[in-house]
Amino acid sequence: MDLILWRHAEADEAEGDTDDLSRALTARGEKQAARMAAWLDRQLPEATRVMASPARRTEQTARALGRKFKLREELKPGGTPQELLQLAMWPSSRMPVLVVGHQPTLGQTIAQLLKMHDSECAVRKGAVWWLRGRERDGVFQTVVLTVQAPELL
């Protein structure tokens, strides 16, 4: 199974009474999302299931891809790696899954799947981590296929 984790692009900072879920992408964030979406659209199989947090910035990031996606409450800020993996049906899903979400949940999920000693991995805004689960000689492995940052595309 392929699990693609995409952190939302750069968003406005929360100010005063601003609701975290209503924060929008900055102009730079919109460019990051468009750049990464163009790359992803060329790489992703057509049957990829796409899910995003209901936060405005993740919805805007996912929308840049131009594919159908579902907003999922489980992906809101504060979600857990276990909720994300259950929603993605890791590792049993037969189709690739793209999750557009937030730190620290994405980084915690990556750290868990790669059995890192740290409990969290840094994920840049707008970046994608593409992971693949596979079985080799009776042992399940998580392989990093690629890590892409929008600045490098």
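Taken together through direct or relayed side-chain contacts under 4.5 Å among Ile, Leu, Val, Met, Phe, Trp and Tyr, Leu106 and Val97 form part of one hydrophobic cluster. Cluster membership for Leu131 and Leu40, using ILVMFWY side-chain heavy atoms within less than 4.5 angstrom, is not shared. Note on Ile110 and Val99: same hydrophobic cluster, where clusters join Ile, Leu, Val, Met, Phe, Trp and Tyr whose side-chain heavy atoms are under 4.5 Å apart, directly or indirectly. Linking ILVMFWY residues whenever their side-chain heavy atoms come closer than 4.5 Å, directly or via other members, leaves Met95 and Ile4 in distinct clusters. Both Met116 and Leu85 are assigned to one and the same hydrophobic cluster, defined by single-linkage of ILVMFWY side chains at heavy-atom distances under 4.5 Å.
Put simply, the residue from Pro96, Ser93, Ser92 that forms a side-chain contact (heavy atoms from CB on, under 4.5 Å) with Met1 is Ser93. None of Leu84, Leu98, Val128 except one satisfies the side-chain contact (heavy atoms from CB on, under 4.5 Å) rule with Leu5; the exception is Leu84. With respect to Leu75, the side-chain contact (heavy atoms from CB on, under 4.5 Å) criterion is satisfied by exactly one of Thr105, Leu87, Val100, Thr58: Leu87.
Other residues, nucleotides and ligands contribute over 12 non-hydrogen atoms within 6.0 Å of the CD atom of Glu135. More than 12 heavy atoms of other residues, nucleotides or ligands shown are found within 6.0 angstrom of CD on Gln43.
Judged purely by atom type and a 3.5 angstrom limit, Arg7 uses its side chain to pair as donor or acceptor with the backbone of Val123. Judged by distance alone, the side chain of Thr142 and the main-chain N or O of Leu114 form no donor-acceptor pair under 3.5 Å. Remark: side-chain polar atoms of Arg49 are paired, donor with acceptor, to backbone N or O of Ala88 under 3.5 angstrom. Between the side chain of Trp6 and the backbone N or O of Gly126, at least one donor-acceptor pair lies under 3.5 Å. At distances below 3.5 Å, at least one donor-acceptor pair connects side-chain atoms of Glu83 with backbone N or O atoms of Thr80. Gln60 places a side-chain N or O within 3.5 Å of a backbone atom of Leu25 that can act as its donor or acceptor partner. Between the side chain of Arg42 and the main chain of Ala38, a donor-acceptor pair closer than 3.5 Å is present. Judged by distance alone, the side chain of Gln103 and the main-chain N or O of Cys121 form a donor-acceptor pair under 3.5 Å.
In the model, Arg134 has a side-chain atom that pairs as donor or acceptor with a side-chain atom of Gln141 under 3.5 Å.
Taking 4.5 Å as the limit, every side-chain heavy atom of His8 sits out of range of all side-chain heavy atoms of Glu59. No side-chain heavy atom of Phe69 sits under 4.5 Å from any side-chain heavy atom of Met51. Counting heavy atoms from C-beta on, the side chains of Ser53 and His102 come closer than 4.5 Å. Using a 4.5 Å heavy-atom cutoff, the side chains of Gln148 and Thr146 are in contact.
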Asp41 and Arg67: CA distance, side-chain angles, deciding distance, salt bridge (Lys or Arg N to Asp or Glu O under 4.0 Å) verdict: CA-CA 9 Å; Asp41 195 47; Arg67 295 187 184 199; 3.0 Å; yes

Report the C-alpha separation of Glu30 and Glu10 in whole Å, then their side-chain angles, then the decisive distance to 0.1 Å, and conclude whether the side chain to side chain contact (heavy atoms under 4.5 Å, CB included) test is met. CA-CA 8 Å; Glu30 290 175 1; Glu10 182 182 273; over 6 Å; no

Mind running salt bridge (Lys or Arg N to Asp or Glu O under 4.0 Å) on Asp2 and Arg132 for me, showing each step along the way? CA-CA 4 Å; Asp2 285 3; Arg132 176 169 290 161; 2.5 Å; yes

Verdict with supporting geometry, Thr26 and Arg28, side chain to side chain contact (heavy atoms under 4.5 Å, CB included):
CA-CA 5 Å; Thr26 62; Arg28 180 173 185 237; 3.7 Å; yes

Between Leu3 and Leu113, is the side chain to side chain contact (heavy atoms under 4.5 Å, CB included) condition met? List the steps. CA-CA 11 Å; Leu3 178 63; Leu113 293 177; 3.9 Å; yes

Does Leu21 form a side chain to side chain contact (heavy atoms under 4.5 Å, CB included) with Lys76? I'd like the steps, not just the answer. CA-CA 8 Å; Leu21 295 180; Lys76 286 194 316 193; 4.0 Å; yes

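Considering all non-hydrogen atoms of both residues, Arg23 and Ala11 come closest at NH2-CB, 3.8 Å. Across all non-hydrogen atoms, the minimal contact from Ala64 to Ala34 is CB-N, 4.2 Å. For the pair Phe140 and Pro91, the tightest heavy-atom approach, listed with the atom from each and the gap, is CZ-CB, 3.4 Å. Taking both residues in full, the closest heavy atoms of Pro77 and Asp20 are given as CG-OD2, 3.5 Å, listed atom of the first, atom of the second, then distance. For the pair Glu73 and Pro54, the tightest heavy-atom approach, listed with the atom from each and the gap, is OE2-CG, 3.7 Å. The nearest pair of heavy atoms linking Pro81 to Gln108 is CG-CB, 3.5 Å.
Note that CG of Asp19 is 11.0 Å distant from CZ of Arg56, once rounded to the nearest 0.5 Å. Between the CE atom of Met36 and the OG1 atom of Thr61 there is a distance of 10.5 Å, given to the nearest 0.5 Å.
The pair Arg35-Glu151 does not meet the salt-bridge criterion, since no charged nitrogen lies less than 4.0 angstrom from a carboxylate oxygen.
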